[in-house]
**Q** 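What follows is a single structure, and I will ask about it in a moment.
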Amino acid sequence: MTKRDYYEVLGVGRDASDDEIKKAYRRLAVQYHPDKNPGDHQAEESFKEATEAYEALKDPAKRRRYDQFGHAAFGQGAGPGAGGFGGFDLSDALRAFMRDFGGFGDFDDLFGGRRGRGQRMHRGQDLQVRLPLTLEEIAAGVEKKIKLNKLTSCEECGGSGAASGAGRSSCPTCGGAGEIRQVSRSILGQFVNVTGCPQCNGEGEIIATPCETCSGEGRVRGSTTLTVKVPAGVSGGNYIPIRGAGNAGPRGGPSGDVIVVIEEKKHDLFVRHHDHIVYELPLSVTQAVLGDEVTVATLEGTTSLRIPAGTQSDKIFKIGGRGIPHLNSRGRGDLLVKVTVWIPGKISAGQRKLFEELGRSEGLKPPRTDRTFFDTLRQTLGV
Ligand SMILES: [Zn+2]
Ligand SMILES: [Zn+2]
């Protein structure tokens, strides 16, 4: 997949200022944000693409490298979380957006999260949880319950943080603005310095009598059980974001997200290779020479495999369509059965006699055709 030019993605010129880049990204991010386009895959892709472009161009050093080398500047795996979902993960994109636009109240403005004029609500933290899955679960898709400790809204005060009956009042320090403007004069002129109000933490309101249960936080320690639907075909490192399931925000602020990170458990029999499953099957000398019908394990029960007479060690048999389903497309990988011929270490006297007899018969010695190997070896050793 060829990547679009980052400037083209943001719709700005190559000489765009940092501010123009930020504004252009903000406009696109708001337009395509998953909260505004639930379930719209195309919007999600556009959101990720815009965020990736913004992340590269907002940083002067990265931008210089990009101007010079293009996408090659960031090489492979430029985006974090390289998994089946593409280079730049949705959760990374959401975090990047929240980092630059969530902390200033802009986000709440854009999505209607504000309580009223001058009052800002802080969002709860995102929580990351690991979800280890077996290959069987990955192949079939699975619904999992995850128990999670988190900050939940205080029931006593309904999340407001105020004791019952006691209301909130406008913060006397900032007059409800949530920020403090200080004008200072210098020889260069007048400066306006804006800082968040320390008394109300930028919320514009204070609580006269805090709720005793939550000490005015509006949230308490609790736990919850989440149900996560995992589609078939995920890989270790894939993320599943669950919006609004994270920590409750302080004093009624919106909840953060839960980011479920998929982990792949080691399997006793199988090794995953992309969407293929590799299974190693030891054969006896006689099975390899004479052929056999064997039973092999699959992710769903067993199947039979015909080993033809004269099978060499390390031969791989493909059982089509018995691997892992593809995550983003139809079909599934294969089950690859790699056979190895097992040589017995200890044999009985009778078996020894049989092998000795075999050793004397014609046509059982391997042909010496591997000339190139010996040539290479000689060159390496210089003899
Ligand atoms: Zn409370
Ligand atoms: Zn204040």
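Order of listing sets the numbers, starting from 1, for every ligand and every atom in it. Throughout, numbering of the chain's residues begins at 1 and tracks the sequence.
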**Q** Hey, what's the ring geometry for Tyr54 with Tyr25, parallel, tilted or perpendicular (30° and 60° as the breaks)?
**A** parallel

**Q** Holding to side chain to side chain donor-acceptor pair (under 3.5 Å), I want the full list of residues that pass it with Asp268, two or more places apart in sequence or in another chain.
**A** none

**Q** Report, rounded to 10°, the angle at the Zn ion (ligand 1) between the two atoms SG (Cys157) and SG (Cys211).
**A** 110°

**Q** Using the ring of Phe317 (Phe, Tyr or Trp, six-membered ring only), decide whether Lys315 places NZ or CZ under 6.0 Å from its centre and within 45 degrees of its axis.
**A** yes

**Q** Angle at the Zn ion (ligand 1) between SG of Cys154 and SG of Cys214, to 10°?
**A** 110°

**Q** Nearest 0.5 Å please: distance from the CZ atom of Arg322 over to the NE2 atom of His276.
**A** 15.5 Å

**Q** To the nearest 10 degrees, calculate the angle at the Zn ion (ligand 2) involving SG of Cys174 and SG of Cys197.
**A** 110°

**Q** Compute the angle centred on the Zn ion (ligand 2) spanning SG of Cys200 and SG of Cys171, and express it rounded to 10 degrees.
**A** 120°

